[in-house]
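This report concerns only the one structure given below.
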Amino acid sequence: MTVRIATWNINSVTARLPKLLEWLESAKPDVLCLQELKCASDAFPYEAVKELGYDTAAYGSGRWNGVAILSRIGLEDVVRDLPEQPGFLAEGALIPDTEPRAIAATCGPVRVWSVYVPNGREVDHAHFHYKLEWLEALRKAVLEDAAGERPFAVLGDFNVAPTDEDVYDPAVFAGQTHVTPVERAALAALREAGLQDVMPRALKYDRPYTFWDYRALGFPKNLGIRIDLTYANKPFADAVTDSYVDREARKGKGTSDHAPVVVDLDL
DNA sequence: ATGGCACGCCAGGCGTGA
């Protein structure tokens, strides 16, 4: 069977609902991993996507974060949060906030995680250390599935550009988050655990960027970075027939600042 | 060095994003 899986940081599922429905109808993914819902679980537009044939497992808590998995090929064994997932202890707060950043499900023959890795804010900020702890918890969470026979992948907004080739100008990012050696080492640890980076093909431009800042004409100038990734085990990666970034979904008004990434499988 | 744009929240700016 062929399976189309996609990931999209949608930057508010309620603000983006018309775009989401339009995209589901045109791209027709079998499974869609969403990040940055920016709504509570019970505020997700379940009925609207159900009309297009999708079951949804959503995990959100309000104005920040939030992840979901939509599937029209089955949705079972849903897990919310990574085992050992750290929370973020904000300045002045008494207890860490366990944020909704990870959800897993089995969709037909494939098991997937949809993840929204913490941003990090600034190098050495408390949020940066939280980010690294979070990525280590992700590594531990995937060990068994990464080594398994069942096709498995982690898809989402990793908030790390794997190499200098994945940012439009490395000089601009020098000393900033998303490109530091420790963040890239965390991705390397995932690869050492048995996952591989499914590289999308380039479309109009040289590199398959997935994010362009809203400001300063980032998209028209193609000032992009590739941070929305598919990290797949061998059975999943061996089944990949194509992968691409849907730049069309980033064009015009009322779009997310991230584009969807599509992966096609023949299983 | 800063701002720039968009979002939720909820009615004036603020926190966050990358």
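Within every chain, numbering begins at 1; the chains are lettered A, B, ... in the order of the sequence lines, protein sequences first and strands thereafter. Quick note: numbers below take in every heavy atom, side chains included, and nothing from hydrogens, waters or symmetry partners.
Applying the side chain to side chain contact (heavy atoms under 4.5 Å, CB included) criterion to A:Leu52, with sequence neighbours excluded, gives A:Leu21, A:Leu24, A:Glu25, A:Tyr54. Under the rule for a side chain to side chain contact (heavy atoms under 4.5 Å, CB included), A:Ala147 has no partner lying at least two apart in sequence or in another chain. Scanning for salt bridge (charged side-chain N to carboxylate O under 4.0 Å, His left out) contacts around A:Glu99 gives A:Arg101, with sequence neighbours left out.
For the pair A:Arg226 CZ and B:dA18 C1', the interatomic distance rounds to 16 Å; values are reported in whole Å. Between the P atom of B:dA18 and the CZ atom of A:Phe219 lies a distance of 17 Å, rounded to the nearest Å. In this structure, A:Ile227 places its CD1 atom 6 Å from P of B:dA18, rounding to the nearest Å. Atom C1' of nucleotide B:dT2 and atom CD of A:Gln176 are separated by 13 Å, given to the nearest angstrom.
In terms of position on DNA chain B, the residue among A:Val117 and A:Arg16 whose nearest nucleotide sits closer to the 5' end is A:Arg16.
Note on A:Thr177: nothing from the nucleic acid sits closer than 4.0 angstrom, heavy atoms only. Across all strands shown, A:Thr14 has heavy atoms under 4.0 Å from sugar-phosphate atoms exclusively, and none from any base. Among the heavy atoms of the strands, none lies under 4.0 Å from A:Leu217.
Taking atom P on both B:dG12 and B:dA1, the two are 35 Å apart, rounded to the nearest angstrom. Rounded to whole Å, the separation between the P atoms of B:dG13 and B:dG4 comes to 16 Å. Comparing the C1' positions of B:dC10 and B:dC14 gives an interatomic distance of 12 Å, to the nearest angstrom. Rounded to a whole angstrom, the distance from the P atom of B:dT2 to that of B:dA6 is 23 Å.
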A:Phe128/A:His125 under ring pair (Phe, Tyr, Trp, His ring centres under 6.0 Å): CA gap, chis, key distance, verdict: CA-CA 5 Å; A:Phe128 186 78; A:His125 190 284; 9.3 Å; no

Please tabulate, one pair per line, each protein N/O and nucleotide N/O from nucleotides 14-17 of chain B that are separated by under 3.5 Å, including the distance.
from, atom 1, to, atom 2, distance (Å)
B:dG17, OP2, A:Arg121, NE, 2.8

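Within 6.0 Å of NZ on A:Lys19 lie more than 12 heavy atoms contributed by other residues, nucleotides or ligands. Atom CD of A:Gln176 is surrounded by more than 12 heavy atoms from other residues, nucleotides or ligands within 6.0 Å.
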Show every donor-acceptor pair shorter than 3.5 Å between a side-chain atom in residues 102-110 of chain A and any protein atom, with sequence neighbours excluded, or say none if there are none.
from, atom 1, to, atom 2, distance (Å)
A:Thr106, OG1, A:Arg111, NH1, 2.7

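A salt bridge links A:Arg4 to A:Asp264: at least one charged side-chain nitrogen sits closer than 4.0 Å to a carboxylate oxygen.
Counting only Watson-Crick and G-U wobble pairs whose two key distances fall under 3.5 Å, DNA chain B forms stems of three or more stacked pairs at B:5-9 with B:13-17.
With rounding to the nearest 0.5 Å, the separation of CD1 in A:Ile225 from CZ in A:Phe173 is 5.0 Å.
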